[in-house]
Amino acid sequence: MMKTNIISAILCCFLMTLMGCNKFLDEKSKSSLAVPKTLKDLQALMDYELYTVRSFPIGMDVASDYYFMNDKDVKSLATELNDNYLLNNEQTKLTDWTESYKKIMYANIVLDNIDQADLDGMSNSDRDVVKGTALFHRGWNFFWLAQEFSQAYEAGTSKNELGIPLRTTSDINVSFQRANLEDTFSQITKDLREAADLLPNLPLKKTRPSKAAAYAVLARVFLYMGNVSEALNYANLLLAIQKDLIDYRTVSPTAAIPFELMNKEVIFHSGMASSGGIFTGTKSLVDTLLFEKYNEGDLRKILYYKKNANGFYNFKGNYAGAIGTYAFCGLAVDELYLIKAECEARSDQLINAGNTMVELLKARYETGKLPIVPTGKTELIDFILNERKKELAFRFGTRWSDIKRLNKHYNAAIHVNRLFDGKEYGLEPNDKRFALLIPYSVVVAGGLIQNPR
């Protein structure tokens with residue numbers, strides 16, 4: 001009952017914060033809200049999986065380049081998803097913003113109450129873990145928001161770029177404007193580093209964060225920032241804790257759902273928001289150029305995809321397992337091998353980078369069909385990025401940020417293109433539309449600065 005009351009109170013506070021209803025706040029502050037008083041209450045909030053590990057933003061992936069749809073399915077999309085797919089990025093699902101800040105509100109409730117909460121049979125070590133869990137969720141969700149609603153990070157200009165509102169308290173009377181991008185990423189890395197110090201190496205269940213998960217996110221964050229040395233450091237720290245790969249030679253190619261839920265590569269499990277059936281049905285068809293990149297003997301070609309009646313291919317290699325109602329957007333070991341290899345190559349550790357790729361690809365190719373790994377730096381980096389695109393296809397939350405960082409830091413000249421109803425739509429490298437618009441109702445209610453167009 002206490003858990004239900006606390007959750008109801010948080011949702012009520014969150015909605016009033018979103019809508020900016022000052023009169024309501026003045027009245028509500030005079031009454032009593034259910035407040036978590038024990039460590040068990042706070043742990044229960046962090047274990048409320050409906051809100052903590054689901055409904056992550058969808059807009060970035062709807063606008064990404066690894067798939068396409070036929071005209072009929074595009075026309076069937078809700079207005080915001082249609083706008084994202086056609087790369088206008090003038091409208092964004094409200095829940096891309098609100099669901100992320102709901103998770104942040106949960107984390108802030110915990111962080112504001114953790115130090116004075118009664119142990120209620122738990123230990124001070126448990127207190128550290130609950131605190132680390134809240135810090136992880138806050139940093140993880142700040143990062144998702146920054147990728148979708150801000151331009152790509154660049155150290156020399158980040159102080160002049162718009163970041164996101166850094167809500168670091170559950171006090172609904174405190175308003176937050178957008179921080180700059182430098183402060184945004186300082187807060188993200190601070191939260192995640194503090195989380196790593198408090199969390200156990202591995203979790204009791206993979207819907208709970210761990211030291212491994214914090215290291216994995218930090219590796220991804222620093223890769224996005226262009227900080228190769230720190231990204232490599234955290235990738236190595238993660239792989240020292242968890243490094244096992246699924247041998248794809250042992251997975252049935254005829255299975256409708258090849259990969260188990262919470263399989264051994266998963267570090268932290270989370271799922272995307274509803275995509276209107278784009279990614280959980282048959283609407284999304286793998287990009288034909290991407291599909292052609294899978295060589296003979298590459299088991300990902302038959303484990304990731306199934307042929308559709310129209311002759312194209314749908315994705316079936318979801319690490320969300322048999323649930324099938326939402327798409328996996330969590331953290332898995334294979335991504336960390338790719339981060340490690342890319343950073344080694346960019347740091348002139350070419351032999352190490354090649355060895356890292358061989359270790360990954362041995363688990364992805366038929367015996368005797370392993371591709372030759374280039375030895376020259378430029379060719380090796382290209383090879384790694386090509387393998388990254390194939391490995392992480394439909395790994396939600398990765399491709400959009402890859403396009404942004406590669407265009408910004410390495411002049412990759414990646415374009416995103418669509419063809420619909422005989423008309424071409426496109427995003428040029430570093431286009432302002434790579435930062436999606438904040439939902440208009442949020443801008444109006446919070447007095448936020450909108451992304452320029």
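Source: prediction; values computed, not measured. Residue numbers count from 1 along this sequence.
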Output side-chain donor-acceptor pairs under 3.5 Å for residues 72-81, partner residues at least two apart or in another chain, one line each.
unit_1, atom_1, unit_2, atom_2, d
Asp73, OD2, Asn70, ND2, 3.4
Ser76, OG, Asp73, O, 2.6
Ser76, OG, Lys283, NZ, 3.3

NZ/NE/NH1/NH2 to OD/OE distance under 4.0 Å, [X] and [Y]:
X: Asp247; Y: Arg249; value: yes
X: Arg395; Y: Glu265; value: no
X: Glu391; Y: Arg300; value: yes
X: Arg138; Y: Asp191; value: yes
X: Asp47; Y: Arg208; value: yes

**Request:** Determine whether the aromatic ring centres of Tyr305 and Tyr313 lie less than 6.0 Å apart.
**Result:** no
**Asked** Is the distance between the ring centroids of Phe68 and Phe312 under 6.0 Å?
**Response** yes
Establish, from distance only, whether the side-chain atoms of [X] and [Y] form a donor-acceptor pair under 3.5 Å.
X: Asp183; Y: Gln187; result: no
X: Tyr66; Y: Asp61; result: yes
X: Tyr153; Y: Glu182; result: yes

**Request:** Give every residue pair that meets the ring-ring contact (aromatic ring centres under 6.0 Å, His included) criterion with at least one member in residues 431-453, sequence neighbours excluded.
**Result:** Trp400-Phe434
**Message:** Less than 4.5 Å apart, side chain to side chain, heavy atoms only: is that true for Asn141 and Phe56?
**Reply:** yes
